[in-house]
Amino acid sequence: MDTPRALTAVAHRGDPYRHRENTLGSLRSALKRGADAVETDVRLTRDGVPVLLHDETLKRLWQQDRPLRSLSAEEVRGLTAGGVPTLAEALAATDGSRLMLDLPGGPGERAVRRIVDVVRECGARDRVYYTAGAATMLAVRAADPAAEIAMTWTTAAPPRAGLLAAVRPRWLNYRFGLVDRALAERVHRDGFLLSVWTPDTRRTMRRLRALGVDSITTNRIDVLCALRDGNGAVAVP
């Protein structure tokens, strides 16, 4: 008899169908709806403050065509009426809950170290894990040898053994369309957990569960939690 595999439900940028993404309201809403963890994007302001923002500029979400890297944290607060939280504020608002920090844009070693330092200063190392491409995750590993890592991988070909040995991820994180049974079996056989992003339909979520993925990151956390909690654990084929 196959062993049921638990599914971690991760909310992509919070609950973006109800609240603006990467805001405290969005994070809280996702947790209220049953998310096991919330994925959020972290970038640095001009003065080195980690804040929650996916894009390089404030244009799409806040109608301010200003690059984040050109603004101080105080200027960002003023331009968004306090809507863009700092990482420290997000950690405080989600106290006790898991956060998956995506570090977009190839932030570099200095920026990565600053983000890791804030997590440490907030006493959140045990509930935070990091995701991005291999180069950024190597920087995270250098900054925190004990960090939990979900290394994003964008091809069906497996990562090199040397890279995996250097990064030491717990998870391999794939775009959901790449995942089939062979890939899922290989990831698990190699000793990693399998994380996927970002399916938003029930049909795709069911397919991925049947393949035995360990974590799904979605914009529709309510749909995923209802599917998971209503049907119970799914046996790995």
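When all heavy atoms of Leu52 and Val42 are compared, the closest pair comes out as CD1-CG2, 4.5 Å. Contact detail for Pro199 and Met205: the closest heavy-atom pair is O-CE, 3.5 Å. The two residues Asp144 and Arg125 come nearest to each other via the heavy atoms OD1-NH2, 2.7 Å. In this structure, Leu53 and Pro104 approach most closely via the heavy-atom pair O-CG, 4.5 Å. Residue Tyr174 comes nearest to Leu194 through the heavy atom pair CD1-CD1, 3.6 Å, listed as atom of the first residue, atom of the second, then distance. What you find for Ser215 and Val10 is that their closest heavy atoms are OG-CG2, 3.3 Å.
Residues Met137 and Pro169 fail the side-chain proximity criterion, which asks for heavy atoms closer than 4.5 Å. Put simply, the side chain of Trp197 reaches to within 4.5 Å of the side chain of Asn173, judged on heavy atoms. Arg181 is listed as a side-chain neighbour of Glu185, based on a closest heavy-atom distance under 4.5 Å. Annotation: side chain of Trp153 is not in contact with side chain of Leu183 (no heavy-atom distance under 4.5 Å).
Between the side chain of Arg20 and the backbone N or O of Leu61, at least one donor-acceptor pair lies under 3.5 Å. A donor-acceptor contact shorter than 3.5 Å links the side chain of Arg141 to the backbone of Ala147. Side-chain atoms of Arg43 come within 3.5 Å of backbone atoms of Asp55 as a donor-acceptor pair (strictly under, hydrogens ignored). Side chain of Asp65 to main chain of Thr57: no donor-acceptor pair is present (N/O by atom type, distance under 3.5 Å, no hydrogens or angles). A donor-acceptor contact shorter than 3.5 Å is absent between the side chain of Arg202 and the backbone of Leu227. In this structure a side-chain-to-backbone donor-acceptor pair under 3.5 Å is missing from Asp214 to Ser195. Side-chain atoms of Gln64 never come within 3.5 Å of backbone atoms of Lys59 as a donor-acceptor pair (strictly under, hydrogens ignored). Asp200 contributes a side-chain N or O that, together with a main-chain N or O of Asn219, makes up a donor-acceptor pair within less than 3.5 Å. One N or O on the side chain of Ser26 and one on the backbone of Asp15 form a donor-acceptor pair closer than 3.5 Å.
Exactly one residue among Thr152, Asp41, Asp102, Thr217 makes a side chain to side chain donor-acceptor pair (under 3.5 Å) with Thr131. That residue is Thr152.
Under 3.5 Å, the side chains of Thr40 and Asn22 contain a donor-acceptor pair of N or O atoms. Thr204 and Thr201 share a side-chain donor-acceptor pair at under 3.5 Å.
Glu121 and Arg114 are joined by a salt bridge, as a carboxylate oxygen and a charged side-chain nitrogen come within less than 4.0 angstrom of each other. Between Arg18 and Asp222 there is a salt bridge, with a side-chain nitrogen of the basic residue lying less than 4.0 Å from a carboxylate oxygen of the acidic one. The residues Arg46 and Glu75 are annotated as salt-bridged, a charged nitrogen and a carboxylate oxygen being separated by less than 4.0 angstrom.
Atoms CG and OG, from Leu24 and Ser29 in turn, are 12.5 Å apart once rounded to the nearest 0.5 Å. From Tyr130, atom OH reaches atom CD1 of Ile149 across 9.0 Å, with rounding to the nearest 0.5 Å. The OG1 atom of Thr218 sits 9.0 Å away from the NE2 atom of His12 when rounded to the nearest 0.5 Å. A distance of 4.0 Å separates CG of Leu99 from OG1 of Thr94, quoted to the nearest 0.5 Å. In this structure, the separation between CG on Leu211 and NE2 on His188 is 10.0 Å, given to the nearest 0.5 Å. A distance of 13.5 Å separates CG of Leu71 from CZ of Arg77, quoted to the nearest 0.5 Å.
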In sequence, state the C-alpha distance, the side-chain angles, and the governing distance for Leu164 and Phe192, and then conclude on side chain to side chain contact (heavy atoms under 4.5 Å, CB included). CA-CA 10 Å; Leu164 292 171; Phe192 302 103; 3.9 Å; yes
Go through the steps to decide whether Val179 and Val187 satisfy the test side chain to side chain contact (heavy atoms under 4.5 Å, CB included), and finish with yes or no. CA-CA 10 Å; Val179 177; Val187 168; over 6 Å; no
Before you tell me yes or no, could you show the steps for Val76 and Val49 under side chain to side chain contact (heavy atoms under 4.5 Å, CB included), namely the whole-Å CA-CA distance, both residues' side-chain angles and the distance that decides it to 0.1 Å? CA-CA 10 Å; Val76 171; Val49 177; over 6 Å; no
Could you go through the side chain to side chain contact (heavy atoms under 4.5 Å, CB included) check for Arg60 and Glu21 one step at a time? CA-CA 11 Å; Arg60 176 173 64 91; Glu21 67 181 54; 2.8 Å; yes
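Remark: Arg175 CZ is loosely packed, at most 12 non-hydrogen atoms of other residues, nucleotides or ligands lying under 6.0 Å away. No more than 12 heavy atoms of other residues, nucleotides or ligands sit less than 6.0 Å from atom CZ of Arg110.
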